[in-house]
Amino acid sequence: MPVRRKRTRVPGWLRGVIWAVIAIAVLSTASYSTGVSALTSSNTAQAALRLALPILLCGLGGLWAERAGVVNIGLEGMMILGTWGAAWGAYYGGVWAGLVAALVFGALGGLLHAVATVTFNVNHIVSGVAINLLGLGVTKYLANLIFEPLSGNPRQSPVVPKFDTYSATFLSDWLGDLEKEQRVGISDVAGILRGLVTEVAPLTMIAIILVPVSFWVLWRTRFGLRLRSCGENPVAAESLGVNVYRHKYIAMLISGAFAGMGGASLVLLRGGADYLENQTNGRGYIGLAAMIFGNWRPGGLLGGAALFGYADGLQLSGGGEAVLALLYGAVILVGVIVVVQLFRRQWIAAGLGVVGAGVLYAIYWSNDTLPSDLIPYTAHFVTLIVLAVASQRLRPPKADGQPYRRGED
């Protein structure tokens, strides 16, 4: 019998690099073809980085919770608690006190979700929705009680301090010169990189560092193995001496703290507003979507957060014309995927790709810009499309969301 060769598995980090190169190539081609430089400008990259942070942090919170077997629909409410806590702490104690307060308020939301789902076995979705509603109600009450006498507006905090920002000056200037030269490919890469190294806040660096740290803790330590076993098979984990309840509680405290930190990034970063009612605008749900897109792994989550943050930053920096140019880039990307599917002889997938590319190109060709009412929801539309495309390859933890009682089979 012929020996079947084992397929070489491409490392996750290398797949991420390949997809990043493909994304930059597609954006560069679309920018050159449409004449819309905002697709790869440093302003867009800088805005995308700032707007991706709350999505990334909420997604990390969801990752920790669901790897322990708890569905955390309440990320939005925990994030809302974090925005209020950040503004309150920063007003009275400075930005670092605001960050700590956001962590505490978010962790309290996670603790409440853990009490409901782990101790009392409440349905995870029901508890998460309740946390979201409670977050809205509690912050509204606290804002009326504390912020209204200070700002004169019960829906807004007084002015709070922001994190200082730092730039790699020499590198930023050099990349800026390359960006201005408008060389195809080179200037596009320079613009994106310049946006990522200019006016970066400490909170931004902390959030990015948390991605590899989360991977290392969850996949390379004994504690992480035990925590993940609670999300895969808690009965088996209990039989091996793992305290399932304790690990679920720890995971939920970390999950809530990360979501609260995501709320803090909306309040404490330069370019963002002070505390406002309904400031999160559904970013907790988008963070959950980024986690699902990343297949419950930190690297994929980082890619999903970057994608959604880029879509949000693009509509702010370039408006409807830039979003329409992004559709042209999507046509190019789908065309590449169709070619790959044809080589794999996946005829149905290739045919659906051709239809999708045709629809996107028809929208691009028939419009000079997109309606202004739809532009702010660009990230939400991207979320729906990406989840629909990625749904076939998802593999959540086996016991995610399932009720568990100690001693039961």
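It should be emphasised that the depicted structure is a prediction, and the values quoted were computed from it without experimental measurement.
- Using modelled atom types and a 3.5 Å distance limit, the side chains of Y404 and E238 yield a donor-acceptor pair.
- A donor-acceptor pair is defined here as one N or O able to donate and one able to accept, closer than 3.5 Å; such a pair exists between the side chain of T139 and the backbone of L136.
- E179 and S42 share a donor-acceptor pair across their side chains, judged by distance under 3.5 Å alone.
- In terms of modelled atom types and a separation under 3.5 Å, the side chain of Q279 and the main chain of L276 share a donor-acceptor contact.
- Looking only at distances, a side-chain donor or acceptor of K162 sits under 3.5 Å from a matching main-chain atom of V267.
- Judged purely by distance below 3.5 Å, without hydrogens or angles, the side chains of S255 and N72 pair a donor atom with an acceptor atom.
- Across L99, I206, L53, a single residue satisfies side-chain contact (heavy atoms from CB on, under 4.5 Å) together with S265, and that is L53.
- Listed for the T198 side chain is no donor-acceptor partner under 3.5 Å among the backbone atoms of G195.
- For W96, the ring-ring contact (aromatic ring centres under 6.0 Å, His included) partners two or more places apart in sequence, or in a different chain, are F163.
- For T117, the side-chain hydrogen bond (donor to acceptor under 3.5 Å, both in side chains) test picks out no residue, with sequence neighbours left out.
- Taking the charged nitrogens against the carboxylate oxygens, R194 and D173 have no contact shorter than 4.0 Å, which rules out a salt bridge.
- In summary, E76 and R283 do not engage in a salt bridge, as defined by a charged side-chain N under 4.0 Å from a carboxylate O.
- Cation-pi geometry between R297 and W219 is satisfied (NZ or CZ under 6.0 Å from the ring centre, within 45° of the ring normal).
- For the pair S33 (side chain) and T29 (backbone), a donor-acceptor distance under 3.5 Å is present.
- Counting only N and O atoms by type, the side chains of S167 and S172 include no donor and acceptor under 3.5 Å apart.
- With respect to the salt-bridge test (charged N to carboxylate O, under 4.0 angstrom), the residues R67 and D400 do not qualify.
- With hydrogens and angles left out, the side-chain atoms of N132 and Y285 include a donor and acceptor closer than 3.5 Å.
- No side-chain donor-acceptor contact under 3.5 Å links N153 to the backbone of E148.
- Within the 3.5 Å criterion, the main-chain N or O of A87 finds no donor-acceptor partner in the side chain of S157.
- The closest donor-acceptor contact from the side chain of S239 to the backbone of A236 lies under 3.5 Å.
- Under the ring-ring contact (aromatic ring centres under 6.0 Å, His included) criterion, W216 pairs with no residue at all, not counting sequence neighbours.
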Go through the steps for Y364 and T34 under the test side-chain hydrogen bond (donor to acceptor under 3.5 Å, both in side chains), then give the verdict.
CA-CA 10 Å; Y364 169 78; T34 61; 5.3 Å; no

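- Checking Y249 against T119 by side-chain atom types alone, a donor-acceptor pair falls below 3.5 Å.
- For the residue pair E277 and Q156, no side-chain donor N or O sits within less than 3.5 Å of a side-chain acceptor on the partner.
- Separation of atoms CZ (R226) and CG (L240) is listed at 9.5 Å; rounding is to 0.5 Å.
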